[in-house]
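Reviewing the structure listed below.
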Amino acid sequence: MTAAEFPILGTEPLAVELANTLYGVGQAQIDFLADDRQVDQWFAEVSVRHEVAASMGRHAEQVRTLRDCVHALLSAAVEGRDPGTAAVERVNGFAAAAPTFLRLDWRDGPPAARRLDAATGAAAVLGRIATSCVELLTGPRAGRVRRCHGPDCSLFFVQHHSRRRWCHPSCGHRDRQARYYRRHLTSGGSG
Ligand SMILES: [Zn+2]
């Protein structure tokens with residue numbers, strides 16, 4: 001598998017991109033982080049946009065655990081139901097293992113704050129993703145997580161404007177095409 005095949009939207013918070021590595025629903029679900037090499041490749045790919053250590057393959061199991069929990073929380077948010085306590089507690093655990101602190105920089109100009117990780121390595125990366133998940137579900141973007149309406153697409157995305165229904169314009173195109181054909185078939189044509 002090449003990195004280009006990962007379902008990375010390139011527009012979403014890291015927690016959403018991670019959840020999207022569990023693609024599809026039910027029996028047809030595909031795990032894009034099934035082995036260590038894929039985990040390494042995926043992090044290398046997302047590190048272009050997000051500040052994350054590219055070498056996470058050795059921590060693949062923890063990555064998948066966090067991914068499954070984030071996926072469960074985003075699914076619950078989209079479906080408007082209670083997620084249960086297990087996923088909540090695990091995400092909190094990952095976030096607690098990597099606290100951040102503000103560092104004051106005040107030299108040659110106005111005071112500025114920089115957020116730094118207290119942890120390093122894999123714990124910091126996993127913690128940052130967990131924190132991003134908490135912020136997404138509770139911050140100004142709360143209630144804006146959506147699942148793509150495209151046929152056979154299950155990707156999550158954050159809705160920035162009220163009309164966005166698809167993860168990507170190509171899914172919108174496929175969705176409109178599918179609806180066109182359905183209308184055509186059911187409106188009593190030759191088919
Ligand atoms: Zn889609």
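Atoms within each ligand, like the ligands themselves, are counted from 1 in listed order. Along the sequence shown, residues are numbered consecutively beginning with 1.
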Distance-only donor-acceptor hits, side chain of residues 85-100, under 3.5 Å, sequence neighbours excluded:
{"unit_1": "Asn92", "atom_1": "ND2", "unit_2": "Val88", "atom_2": "O", "d": "3.4"}
{"unit_1": "Thr100", "atom_1": "OG1", "unit_2": "Arg115", "atom_2": "NH1", "d": "2.8"}

Output, by chain and residue number, all protein N/O/S atoms separated from the Zn ion (ligand 1) by less than 2.8 Å.
Cys148 SG, Cys153 SG, Cys167 SG, Cys171 SG
Write out all pairs satisfying salt bridge (Lys or Arg N to Asp or Glu O under 4.0 Å) with one or both partners inside residues 58-68, taking only residues at least two apart or from two chains.
Asp31-Arg67
Salt bridge (Lys or Arg N to Asp or Glu O under 4.0 Å) with Asp152: which residues, sequence neighbours excluded?
none
Pair Arg164-Gln159, side chain to side chain donor-acceptor pair (under 3.5 Å): steps then yes or no
CA-CA 6 Å; Arg164 183 178 174 195; Gln159 190 180 46; over 6 Å; no
Centroid-centroid distance, Phe157 to His168, less than 6.0 Å
no
Could you tell me whether the side chain of Asp117 and the main chain of Ala119 form a donor-acceptor pair under 3.5 Å?
no
